[in-house]
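Below: one structure, written as structure tokens.
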Amino acid sequence: MKFDTPATTNPIDQLKVVGKPVDRIDGPLKTTGMAPYAYERHDVAPDQAYGHVLGAGIGKGRIAAMDTAVAKAAPGVLAVLTTLDMPRLEKGQMNTAFLFGGADIQHYHQAIAVVVAETFEQARDAAAMIQVRYVREPGRFDLAAEAPNAKLTSADSGEGSGAAHEERIGDFEAAFAQAPVTLDATYTTPDESHAMMEPHATIAAWEGDRLTVWTSNQMVAWGRRDLAKTLGIPAEKVRLDSPFVGGGFGGKLFLRADAVLAALGARTAGRPVKLALARPLMANNTTHRPATIQRIRIGAGRDGRITAIAHESLSGDLPDGQPETAVSQTKLLYAGANRLTAMRLAVLDLPEGNAMRAPGEAPGLMTLEVAMDEMAERLEMDPVEFRILNDTQEDPEHPGRRFSQRQLVRCLREGAERFGWNRRAAKPGGHREGRWLVGMGVAAGFRNNLVMASGARVRLDGGGGVTVETDMTDIGTGSYTIIAQTAAEMMGVPLEKVAVRLGDSSFPVSAGSGGQWGGNSSTAGVYAACMKLREAVAQRLGVNSAEASFVDGEVRAGNRVAPLGQAAGVDGLVAEDRIEYGDLAKRYQQSTFAGHFVEVGVDAATGETRVRRMLAVCAAGRILNPKSARSQVIGAMTMGVGAALMEELAVDKRHGFFVNHDLAGYEVPVHADIPHQDVVFLDEVDPISSPMKAKGVGELGICGVGAAVANAIHNATGVRVRDYPITLDKLLDRLPEVA
Amino acid sequence: MKPFTYERALSPAEAAASAARQPAARFIAGGTNLLDLMKLQIEVPPHLIDVNGLGLDGIEATSEGGLRIGALVRNTDLAADERVRRDYGVLARALLAGATGQLRNKATTAGNLLQRTRCPYFYDTAQPCNKRQPGSGCSAIGGITRQLAVIGASEACIATHPSDMAVAMRALDATVETVKADGVARHIPIAGFHRLPGETPHIETALEPGEFITAVTLPPPLGGQHFYRKVRDRASYAFALVSIAAVVQRDGTGRVALGGVAHRPWRVEAAEADLPRGAKPTMAAILDGARPTHDNAFKVTLAQRTLASVLAEAKG
């Protein structure tokens with residue numbers, strides 16, 4: 001089905017099942033521990049052996065020699081495969097770092113060996129017996145120091161936020177020079193880790209030249225293609241199955257060493273191999289959100305209207321890597337006739353930087369929305385009003401190009417009203433409760449809405465049951481549930497009559513889970529397949545599909561009423577289709593918007609910041625399931641608090657690695673850090689987006705949160721911190737005297 | 001994890017004797033720290049002596065009017081004991097500031113004292129560490145040191161001791177009771193129990209090889225107001241950047257011990273005379289001689305401000 005004109009009324013608009021806050025249908029499986037996550041799939045292949053990955057102990061250099069004799073002789077060991085046993089493997093299309101093979105070390109904890117043994121403990125023990133002799137080479141580990149060598153670089157994050165290397169509209173420099181009120185500030189955001197609960201894990205088994213991997217991956221088709229490419233085998237020889245993913249946040253978008261080494265280990269050992277990356281490997285072996293240094297300049301008239309806005313971002317990555325697209329939202333969020341955005345990329349020898357939840361916008365808004373707060377302060381304007389004044393209903397770089405929907409102003413107004421924004425002390429440091437300096441902050445949330453082609457297969461059985469198959473993944477987001485809701489709505493059956501099977505590369509290729517495109521696009525694919533099935537049903541029953549209505553498990557057309565299952569026959573009825581998109585995304589700017597409001601307390605003595613209240617008002621098209629959407633947003637808000645207050649991969653600039661590579665050292669918020677969170681979705685349908693009229697919310701929820709926290713800290717204390725995370729040491733010297 | 005042998009000891013003396021026979025053996029009680037370290041091969045004991053069956057899990061009044069806490073009393077039980085809550089509030093609060101409910105259910109009194117540092121370089125076996133591999137060097141010095149020691153460190157090691165409980169016990173002048181391999185019992189004042197790193201950071205306590213902790217005794221209650229203020233980046237489940245255990249009397253005198261700043265709970269008794277004059281002179285005396293790094297210099301300011309906050313609260 002080609003979607004190239006705005007959606008009109010369709011069966012989804014009935015909203016009998018779609019749009020309802022139903023519990024997730026996979027909930028019982030998860031709460032009873034029965035959901036088959038990759039590492040626990042003991043039944044998929046017999047006689048599974050255990051693999052353990054050894055990571056390099058240097059940041060840059062090469063391996064002179066490896067001695068595996070002791071490891072090979074260790075109890076239970078079936079195979080030891082080292083990176084010296086093969087030339088460097090080809091890279092997958094989405095990979096920047098090489099995953100295995102050859103003597104060169106590109107980054108710390110790069111996989112250099114896999115040990116396969118009868119037990120997990122034996123494999124881990126033997127891996128530690130491998131003796132490695134390294135030749136260290138000097139590396140580039142300090143982003144700021146590499147700034148002079150950075151080059152202007154364009155990028156498409158692959159996750160929806162792209163930007164040209166440099167974009168100029170009007171004459172920024174002249175307008176900025178003339179502006180009576182200006183800000184020129186530099187901000188930094190650190191490297192961050194996805195820190196998902198489930199590590200990268202794979203079971204691999206070979207049958208002749210055919211490989212099956214049961215793994216944890218957000219993008220099944222990408223993973224299959226890149227695994228085949230890396231191993232040098234045809235893609236059709238590879239099956240990848242990823243029905244449950246225990247958190248990904250972008251960390252599992254791409255092929256990683258777990259799948260490659262499980263496959264190689266299984267081939268070497270002649271047994272299926274089960275393998276998970278140990279937690280300490282995850283920071284340095286896999287990918288992370290890259291650190292940025294961002295300069296923002298804003299000029300405005302005394303009336304508060306922005307006349308000049310510039311956002312420049314520097315980030316680093318391994319050779320052939322991409323910049324963090326932190327300037328992308330600045331191209332679209334606020335009005336202003338004179339504009340400049342630019343991205344620079346430095347080559348670093350740290351682990352691969354890549355997509356993490358809302359790549360681009362998440363770190364970009366952490367700075368832009370603080371800059372907006374600083375400008376409001378200089379203008380002596382309320383920060384909500386300042387943003388509203390500079391709202392734009394068209395793409396500021398392409399005047400005349402409209403947003404499909406843009407309700408940022410309503411998000412801010414309604415948020416301010418609900419949050420009690422009028423109780424905010426305009427003067428920073430003006431509100432104290434006992435030990436606590438209390439403040440409120442606001443930020444706009446913005447994330448582009450991407451649409452991706454997505455396929456599905458639906459099968460009707462004689463009992464009127466519907467089974468949906470698609471290689472879509474559920475990374476904790478609720479895909480199973482919204483897909484079931486979509487099929488139930490389309491076929492006129494109750495939710496219980498729908499079975500959903502996901503994540504298998506033998507199913508039709510879907511949008512996958514990334515860039516907050518998954519919910520809308522994958523359900524649109526199911527919509528397309530169901531439309532086809534409805535036609536097939538009508539044809540079988542001999543009725544006109546345009547006249548047929550699918551209600552309560554029946555097909556009704558004129559005077560005829562037939563049970564839906566009747567159309568299935570003995571063999572069932574199958575339909576497959578795929579949603580594909582025309583140029584609506586070019587003609588209209590599709591984005592999602594939020595108003596984030598945060599109240600913090602800052603301990604006046606110690607500088608500890610504790611969030612007291614949070615509210616997100618979101619405008620993101622039709623909300624397919626308010627319950628799972630709310631879960632998405634509160635999770636994202638929590639992640640935003642982590643980014644604001646504590647998350648930072650600490651770089652040892654001498655040796656080139658992230659030092660705090662476990663969950664004791666890399667702090668993310670715990671329950672005690674997260675207060676009451678409110679989420680409000682504005683009524684919105686977006687017919688430009690898809691037949692579902694929905695958009696993404698999973699990344700919108702984090703976009704702007706960090707800045708809202710930062711702005712609240714400023715409001716509480718009067719201290720402006722431009723370097724994340726805002727830990728107490730950055731506040732301490734500027735807090736009020738204590739006795 | 002390297003293969004190891006395992007036994008269940010039946011008496012403290014037997015545990016000590018068994019350890020004496022196998023000097024590289026480790027006692028295991030809750031295992032909340034040791035097992036993690038074994039998985040990472042930071043600890044590689046060839047033999048474990050399980051002491052969970054020894055009893056030693058009671059809390060009893062001493063004839064001097066204090067409390068004798070069995071070595072195997074779980075952190076949860078100690079924090080919940082009515083006498084501890086009433087008379088040694090600083091200890092109950094310190095315990096509850098540490099770890100999580102699940103860990104406190106397993107962790108024991110003796111095991112808590114014997115926790116090893118959380119220095120990230122200690123945890124990364126690819127990096128040199130004098131504590132893990134004596135003589136290999138300290139990779140933390142000159143590296144990421146935000147969490148590490150500001151005082152009492154050496155050229156060989158700038159690690160901190162991670163315990164909260166021990167900081168409170170230091171303020172309370174607890175005594176560690178042990179039995180040595182030869183069966184001789186001894187009493188080690190908490191002040192001398194944890195060592196500074198010096199040239200031998202791998203030797204962390206005054207315990208001799210095989211020596212087994214049987215109990216920790218607390219002197220009679222001090223009265224006064226009890227505080228344990230733990231400052232950290234997140235609200236729970238994090239090690240202290242700085243913590244303060246304080247007992248403050250009505251006349252403004254009292255005791256102060258610090259966590260998160262040194263290789264052992266840090267207390268300078270002589271400095272406590274300054275307490276009635278306020279946090280600044282007191283902390284200046286406590287941290288006299290501090291040599292923080294660029295990354296952790298804030299701890300000196302933080303300690304002083306935190307003490308000021310505690311003293312302000314004491315005044316009410």
Side-chain angles (χ1 to χ4, degrees), chain A residues 55-58 74-75 108-109 120-122 124-125 128-129 132 134 278 280 434-435 603-611 641-642 645-646 648 650-655 657-665 667-674 725 727-733 735 737-739, chain B residues 1-4 36 38-41 44 99-100 118-121 123-128 139-147 162 229-239 241-242 244 277-280 295-313 315:
Chain A
I58 63 169
Y108 200 76
H109 277 174
F120 169 71
E121 287 78 10
Q122 287 170 335
R124 187 173 58 183
D125 183 31
M129 296 174 188
V132 188
Y134 296 104
R435 273 165 62 187
D603 187 305
T606 66
E608 291 164 289
T609 298
R610 300 290 179 249
V611 177
V641 170
L645 297 179
M646 62 194 82
E648 175 176 21
V651 184
D652 185 317
K653 292 171 185 161
R654 305 164 303 167
H655 303 312
F657 71 108
F658 300 129
V659 171
N660 49 342
H661 48 59
D662 59 35
L663 290 178
E667 291 185 13
V668 299
V670 295
H671 283 99
D673 290 297
I674 299 304
T727 45
L728 59 89
D729 44 301
K730 297 171 188 171
L731 298 170
L732 217 47
D733 290 337
L735 291 176
E737 263 309 285
V738 290
Chain B
M1 187 176 282
K2 285 198 169 302
F4 56 91
D36 284 348
M38 287 171 67
K39 290 173 188 172
L40 295 165
Q41 296 202 6
V44 286
T100 64
R118 293 287 170 162
C119 173
Y121 294 92
Y123 268 83
D124 189 333
T125 50
Q127 299 300 319
S139 46
I141 294 173
I144 301 295
T145 58
R146 184 168 178 268
Q147 293 272 351
R229 187 72 66 80
K230 182 176 182 180
V231 183
R232 42 190 161 174
D233 290 321
R234 66 179 171 191
S236 178
Y237 200 37
F239 296 96
L241 294 167
V242 163
I244 288 191
R277 297 202 296 124
K280 259 187 192 160
D295 286 357
N296 68 20
F298 74 93
K299 286 190 178 188
V300 175
T301 311
L302 179 61
Q304 181 239 309
R305 293 182 68 100
T306 307
L307 180 60
S309 176
V310 166
L311 295 180
E313 195 179 330
K315 276 190 188 144

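Quantities reported herein were computed from a predicted structural model and do not represent experimental measurements. Throughout, protein chains are lettered first and strands after them, A, B, ... in sequence-line order, and every chain is numbered starting at 1.
Counting all heavy atoms, side chain and backbone alike, B:Arg146 lies closest to A:Asp729 at NH2-OD1, 2.8 Å. Taking each heavy atom of A:His661 and B:Asp124 in turn, the nearest pair found is NE2-OD2, 2.8 Å. Between A:Asp673 and B:Ala235, the closest heavy-atom pair is OD1-N, 2.8 Å. What you find for B:Gly143 and A:Asp652 is that their closest heavy atoms are CA-OD2, 4.2 Å. Closest of all the heavy-atom pairs between A:Asp125 and B:Pro3 is OD2-CD, 3.4 Å. Of all heavy-atom pairs between A:Glu608 and B:Arg232, the closest is OE2-N, 3.3 Å.
For A:Leu663, the part lying near chain B is the backbone, with the side chain staying farther off; criterion is any non-hydrogen pair under 4.5 Å. With a threshold of 4.5 angstrom between heavy atoms, B:Leu40 approaches chain A through side-chain atoms but not through N, CA, C or O. Neither the backbone nor the side chain of B:Lys299 comes within contact range of chain A; no heavy atoms are under 4.5 Å apart. Proximity to chain A is absent for every atom of B:Leu311, based on heavy atoms less than 4.5 angstrom apart. Proximity to chain B is absent for every atom of A:Ala74, based on heavy atoms less than 4.5 angstrom apart. Residue A:Ile58 does not touch chain B at all, counting heavy-atom pairs closer than 4.5 Å. Contacts of A:Val668 with chain B are made by both backbone and side-chain atoms, with heavy-atom separations under 4.5 Å.
The backbone N or O of B:Glu313 lies less than 3.5 Å from no partner atom in the side chain of A:Arg435, so there is not a single donor-acceptor pair. For the pair B:Arg234 (side chain) and A:Pro669 (backbone), a donor-acceptor distance under 3.5 Å is absent.
Here the CG-CD distance, from B:Asp233 to A:Glu648, works out to 10.0 Å after rounding to the nearest 0.5 Å. Note that CZ of A:Phe120 is 8.0 Å distant from NZ of B:Lys39, once rounded to the nearest 0.5 Å. Interatomic distance, CZ of B:Phe239 versus CD of A:Glu667, reported as 9.5 Å (0.5 Å rounding). In this structure, CD on A:Glu737 lies 4.5 Å from NZ on B:Lys280, to the nearest 0.5 angstrom. One distance of note links CZ of B:Arg229 with CG of A:Asp603; it measures 6.5 Å at 0.5 Å rounding.
Tested against B:Arg305 for a side chain to side chain contact (heavy atoms under 4.5 Å, CB included), the candidates A:Leu728, A:Leu732, A:Thr606 yield a single pass: A:Leu732. Tested against A:Val659 for a side chain to side chain contact (heavy atoms under 4.5 Å, CB included), the candidates B:Pro120, B:Ser139, B:Cys119 yield a single pass: B:Pro120.
If you tally non-hydrogen atom pairs under 4.5 Å between each of A:Thr727, A:Asp662, A:Asp733 and chain B, the highest count goes to A:Thr727. Ranked by heavy-atom pairs shorter than 4.5 Å toward chain A, the options B:Leu302, B:Leu307, B:Leu241, B:Val242 are led by B:Leu302.
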